[in-house]
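Everything on this sheet refers to the single structure shown next.
Note that ligands are numbered from 1 as they come in the structure, with each ligand's atoms numbered from 1 the same way. All of these numbers come straight from a predicted model, not from anything done at the bench.
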Amino acid sequence: MTSYNILVLFAIVAFVNSEIVNFEECTYPEGTPLNCTIHEVRVNPCKEAAESKPCRLKQPSKANISFDYTADFQGDTLETTAYWTSKVIDLPLLGMDTNACATTTCPVQPGQKQTYHIELPISKTFPSKTYKVKWRLWNAQEQECCFIFQLKLHK
Ligand SMILES: *[C@@H]1O[C@H](CO)[C@@H](O)[C@H](O)[C@H]1NC(C)=O
Ligand SMILES: *[C@@H]1O[C@H](CO)[C@@H](O)[C@H](O)[C@H]1NC(C)=O
């Protein structure tokens, strides 16, 4: 095999390994204008995506999470945080880089489709269970992109 073929093979394997997962949009009080479209959310590893089940992630490990979005807003800086969400509280996930500009194009421009990605540390200390994860990304004016998906952590 030529090194070019090997490269192509690696690229295909990397692509196949990143699975498209189900997500829902965040909910807001009625009448709140939405400022962002989420196109696709990908998690690696996530064999379970094929059966539309929550991704099972080993603790400790790292998971690659990426999503494509189009913001309706402008932003020189973008912050991001993931939360374990429930009806009562959103608990921020500690240990992640909250500067979204580290892995997405800044400044963000309205109507421009782009991608954010992170290698998320899955700590051993998180209780092992199925989580609803709320992911937010916002500018200085608190206009945001937001979606919710599920992750199942196990030891
Ligand atoms: C995440 O992505 C990085 C860079 O593309 C890669 O080196 C790493 O192996 C990936 N990790 C997992 C868990 O897939
Ligand atoms: C969208 O932007 C408008 C104007 O800044 C703001 O009032 C509204 O709360 C934002 N909506 C969301 C969901 O962030």
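Using modelled atom types and a 3.5 Å distance limit, the side chains of Thr85 and Tyr131 yield no donor-acceptor pair. In summary, the side chains of Gln112 and Tyr69 do not present any donor paired with an acceptor at a separation below 3.5 Å, with no hydrogens or angles considered. A side-chain donor from one of Ser66 and Arg42 sits under 3.5 Å from a side-chain acceptor of the other. One side chain, Asp76 or Gln74, offers a donor N or O that lies under 3.5 Å from an acceptor on the other.
Protein heavy atom at the shortest distance from atom 7 (O) of ligand 2 is Pro33 CG, 4.4 Å. Remark: minimum distance from atom 1 (C) of ligand 1 to any protein heavy atom is reached at Asn64 ND2, 1.5 Å. In this structure, atom 14 (O) of ligand 1 lies nearest to the protein heavy atom Asn44 ND2, 3.0 Å.
Near Glu144, the atoms of ligand 2 lying under 4.0 angstrom from a non-hydrogen atom of the residue are 14 (O). Listed by number with element, the atoms of ligand 1 under 4.0 angstrom from any heavy atom of Glu119 are 1 (C), 8 (C), 10 (C), 11 (N). Those atoms of ligand 2 that come under 4.0 Å of a heavy atom in Glu142, given as number and element, are 14 (O).
Distances between N or O atoms of Leu34 and those of ligand 2 include no value under 3.5 Å. At under 3.5 Å, a nitrogen or oxygen of Asn35, whether backbone or side chain, sits near a nitrogen or oxygen of ligand 2. Geometrically, ligand 2 and Thr32 share no nitrogen or oxygen pair separated by less than 3.5 Å.
Here CD1 of Ile38 is found 8.5 Å from OG1 of Thr70. Values are rounded to the nearest 0.5 Å.
Here Lys62 has backbone heavy atoms under 4.0 Å from ligand 1, and that is the only part of it that gets that close.
For atom 4 (C) of ligand 1, the nearest protein heavy atom is 4.0 Å or more away. For atom 11 (N) of ligand 1, a protein heavy-atom neighbour is present inside the 4.0 Å cut-off.
Under the 2.5 Å cut-off for SG-SG separation, Cys145 and Cys36 qualify: their sulfur atoms lie closer than that.
Assignment of Gln141 to the shell around ligand 2 is not supported, since no heavy atom sits closer than 4.0 Å.
Residues Leu153 and Lys129 have side chains not in contact (no heavy-atom distance under 4.5 Å, counting atoms from C-beta outward). In this structure the side chain of Pro54 never reaches within 4.5 angstrom of the side chain of Leu151, judged on heavy atoms.
Classified by interplanar angle (parallel below 30°, tilted 30° to 60°, perpendicular above 60°), the ring pair Trp135/Phe147 is parallel.
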